[in-house]
Student: 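Handing you this structure, nothing more for now.
Residue numbers run from 1 in the order of the sequence given.
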Amino acid sequence: MEVQPSQRLRYELVNNNDAQHLFELDSDPEVMRYVAKGKTTPMEDIIEKALPRLNKYTNAALGWGMWKAIDKESDEFLGWVLVRPFDFFTDEVQWHNLEIGWRFKQKFWGKGFASEAALAVQNALKRFYAVPQKSAPAQVTKLSAIADKDNLGSIGVMKKLGLTYVKSYMFQLPNGEQEPVVYYETSL
């Protein structure tokens with residue numbers, strides 16, 4: 001699957017060579033405020049934890065992974081849009097339901113970049129999954145997103161994508177902690 005460039009951005013899948021980009025993004029406590037209660041991510045964790053997790057679900061043929069959002073003019077990395085089957089790291093993977101998420105550098109907040117990038121990825125997914133994919137574990141029928149219940153910026157992006165609020169619940173983090181989140185979804 002390919003994500004076509006949008007008005008200001010182009011897209012590429014994140015790979016193991018992007019550790020510095022991920023580190024820079026996760027080094028801002030404000031960026032991490034709703035993700036890890038403001039705790040930044042050390043480079044060691046990017047290399048030993050984040051990238052191996054990413055590699056477990058990245059599948060370029062199916063569009064799964066983190067799509068780098070890169071400014072077309074400056075070639076600067078702004079952030080990423082994630083795509084993977086919902087509940088991927090559980091025993092109850094929802095193969096028919098793709099999760100979409102995003103994280104952008106703070107200096108790009110409020111300028112529409114997250115919405116632009118998420119819409120570009122969503123449109124690519126819609127085009128791609130309009131035709132059943134033989135290599136996919138199941139026919140994809142939904143696109144969903146979760147966010148901390150207080151993360152109004154991400155909730156705004158969800159609404160711009162046409163996702164609808166379904167429920168609030170306690171989400172299990174990889175470290176075993178739980179946090180209250182909102183869940184939104186739409187048909188794909």
Student: What orientation do W64 and W95 show, parallel under 30°, tilted 30 to 60°, or perpendicular over 60°?
Tutor: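 Rings of W64 and W95: parallel, under 30°.
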
Student: What verdict does the side chain to side chain contact (heavy atoms under 4.5 Å, CB included) test give for K142 and L98, after you've listed the backbone C-alpha separation in whole Å, the side-chain angles of each residue and the deciding distance to 0.1 Å?
Tutor: CA-CA 6 Å; K142 287 190 219 175; L98 292 182; over 6 Å; no

Student: Kindly work out whether a path of hydrophobic side-chain contacts (I/L/V/M/F/W/Y, heavy atoms less than 4.5 Å apart) joins Y57 to M1.
Tutor: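 Same cluster.
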
Student: Nearest 0.5 Å, what's the CH2-CG distance between W67 and L82?
Tutor: 12.0 Å

Student: Determine, using the 4.5 Å side-chain heavy-atom cutoff (strictly less than), whether V35 and Y184 are members of one ILVMFWY cluster.
Tutor: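 V35 clusters together with Y184.
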
Student: Check the pair Y169, K149 against side chain to side chain contact (heavy atoms under 4.5 Å, CB included), reporting the backbone distance first and the verdict last.
Tutor: CA-CA 9 Å; Y169 69 100; K149 67 178 182 56; over 6 Å; no

Student: Counting only heavy atoms not in Q4, do more than 12 sit closer than 6.0 Å to its CD atom?
Tutor: yes

Student: What pair of heavy atoms forms the shortest contact from Q122 to L163, and how long is it?
Tutor: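 Heavy-atom minimum between the residues: NE2-CD1, 4.1 Å.
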
Student: Side-chain contact test, heavy atoms from C-beta onward, threshold under 4.5 Å: evaluate it for L188 versus T141 and give yes or no.
Tutor: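 They are not in contact (no side-chain heavy atoms under 4.5 Å apart), so the answer is no.
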
Student: Any chain of hydrophobic side-chain contacts (each under 4.5 Å) joining V83 to F88?
Tutor: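 In one cluster with V83: F88, yes.
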
Student: Check R33 with D28, please: is the shortest side-chain N to carboxylate O separation under 4.0 Å?
Tutor: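 Looking at R33 together with D28, the answer is no, because their closest N to O distance does not fall below 4.0 Å.
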
Student: Are Q133 and F128 close enough that some pair of their side-chain heavy atoms sits under 4.5 Å apart?
Tutor: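 A side-chain contact exists here, since the closest heavy-atom pair is under 4.5 Å.
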
Student: Any side-chain heavy atom of I100 sitting closer than 4.5 Å to one from V121?
Tutor: yes

Student: Over all heavy atoms of both residues, which pair between M43 and Q20 is shortest? Give the atoms and the distance, please.
Tutor: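 Minimum heavy-atom separation between M43 and Q20: CE-OE1, 3.3 Å.
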
Student: For D87, does its backbone N or O pair with a side-chain atom of T90 as donor and acceptor, under 3.5 Å?
Tutor: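 Between the backbone of D87 and the side chain of T90 there is a qualifying donor-acceptor contact (under 3.5 Å).
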
Student: Could you check if a side-chain atom of I146 sits within less than 4.5 angstrom of a side-chain atom of V182, using non-hydrogen atoms only?
Tutor: no

Student: Would a single hydrophobic cluster contain both I70 and W80, if residues Ile, Leu, Val, Met, Phe, Trp and Tyr are joined by side-chain heavy-atom contacts under 4.5 Å?
Tutor: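 W80 does not cluster with I70.
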
Student: Hey, does L62 have a side-chain heavy atom less than 4.5 Å from the side chain of P137?
Tutor: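 Heavy-atom side-chain distance check passes, below 4.5 Å.
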
Student: Side-chain contact, heavy-atom cut-off 4.5 Å: K159 with Y165?
Tutor: no

Student: Taking salt bridge (Lys or Arg N to Asp or Glu O under 4.0 Å) as the definition, give me every residue that meets it alongside E2, ordered by chain and number, with sequence neighbours left out.
Tutor: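 E2: no salt bridge (Lys or Arg N to Asp or Glu O under 4.0 Å) contacts found.
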
Student: Find the distance between CD1 (I155) and CG (D148) and round it off to the nearest 0.5 Å.
Tutor: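 So the CD1 of I155 and the CG of D148 are separated by 7.5 Å.
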
Student: Assess whether a salt bridge exists between K107 and E76, defined as any Lys/Arg side-chain N lying under 4.0 Å from an Asp/Glu carboxylate O.
Tutor: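 Salt bridge: yes.
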
Student: Nearest 0.5 Å, what's the OG1-CE distance between T186 and M158?
Tutor: 13.0 Å

Student: Between N123 and L119, is there a donor-acceptor pair closer than 3.5 Å when you use the side chain of the first and the backbone of the second?
Tutor: yes

Student: What closest approach, in Å, do K39 and M32 show between heavy atoms, and which atom pair accounts for it?
Tutor: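 Closest pair (atom of K39, atom of M32, distance): O-CB, 3.5 Å.
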
Student: Tell me every residue that passes ring pair (Phe, Tyr, Trp, His ring centres under 6.0 Å) with Y183, counting only those two or more places apart in sequence or in another chain.
Tutor: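 Scan of Y183 (ring pair (Phe, Tyr, Trp, His ring centres under 6.0 Å), adjacent residues dropped) gives F86.
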
Student: Measure the spacing between CG of L54 and CZ of R84 and express it to the nearest 0.5 Å.
Tutor: 9.0 Å

Student: Looking only at heavy atoms, what is the nearest atom pair of V81 and A118, with distance?
Tutor: CG2-N, 3.9 Å

Student: If you round to the nearest 0.5 Å, how far is CD of E116 from CZ of F104?
Tutor: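 Going from the CZ atom of F104 to the CD atom of E116 covers 8.5 Å.
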
Student: Could you list all the ring pair (Phe, Tyr, Trp, His ring centres under 6.0 Å) pairs where at least one residue sits in residues 2-30, not counting sequence neighbours?
Tutor: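 Only H21-F77 qualify under ring pair (Phe, Tyr, Trp, His ring centres under 6.0 Å).
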
Student: Below 6.0 angstrom between ring centroids: does that apply to F108 and F113?
Tutor: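 Yes, ring centres under 6.0 Å apart.
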
Student: Honestly curious: do F89 and F171 fall in one hydrophobic cluster under the side-chain, below-4.5 Å linking rule?
Tutor: no

Student: In the structure I gave you, are the side-chain heavy atoms of L25 and V31 within less than 4.5 Å of one another anywhere?
Tutor: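 The answer is yes; the side chains approach within 4.5 Å.
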
Student: I'd like to know if the side chain of K72 reaches the main chain of S6, judged simply by a donor and an acceptor atom lying under 3.5 Å from each other, with no hydrogens or angles considered.
Tutor: yes

Student: Can you name the closest pair of heavy atoms from H96 and A138 and give their distance?
Tutor: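 What the structure gives for the nearest pair is N-CB, 4.3 Å.
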
Student: Any chance CD of E30 has more than 12 other-residue heavy atoms, nucleotides or ligands included, within less than 6.0 Å?
Tutor: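 Check passes, neighbour count above 12.
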
Student: Which atom names give the shortest non-hydrogen contact between V157 and A114, and what distance separates them?
Tutor: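 Heavy atoms of V157 and A114 come nearest at CG2-CB, 4.1 Å.
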
Student: Within the structure provided, determine whether D26 and R103 are in side-chain contact (heavy-atom separation under 4.5 Å).
Tutor: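 Side chain of D26 against side chain of R103, heavy atoms only: contact under 4.5 Å found.
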
Student: Is it the case that over 12 heavy atoms from other parts of the model lie below 6.0 angstrom from the NZ atom of K56?
Tutor: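 Counting other residues, nucleotides and ligands, NZ of K56 stays at 12 neighbours or fewer.
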
Student: Does R8 pair with D71 as a salt bridge, N-O distance under 4.0 Å?
Tutor: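 No, this pair does not count.
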
Student: Counting only N and O atoms by type, is there a donor-acceptor contact under 3.5 Å from the side chain of N151 to the main-chain atoms of A147?
Tutor: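 No.
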
Student: For side chain to side chain contact (heavy atoms under 4.5 Å, CB included), just list the numbers for M66 and L13, CA-CA rounded to whole Å, side-chain angles, deciding distance to a tenth of an Å, and then say yes or no.
Tutor: CA-CA 6 Å; M66 280 185 193; L13 277 173; 5.8 Å; no

Student: If you measure from CD1 on I47 to OG1 on T41, what distance do you get to the nearest 0.5 Å?
Tutor: 12.0 Å

Student: Report the C-alpha distance between E12 and R10 in whole Å, list the side-chain angles of each, state the deciding distance to 0.1 Å, and finish with yes or no for side chain to side chain contact (heavy atoms under 4.5 Å, CB included).
Tutor: CA-CA 7 Å; E12 300 171 7; R10 65 182 176 81; 2.4 Å; yes

Student: Using only heavy-atom distances, determine whether the side chains of S144 and E99 contain a donor-acceptor pair under 3.5 Å.
Tutor: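 S144 vs E99: no donor-acceptor pair found between side chains.
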
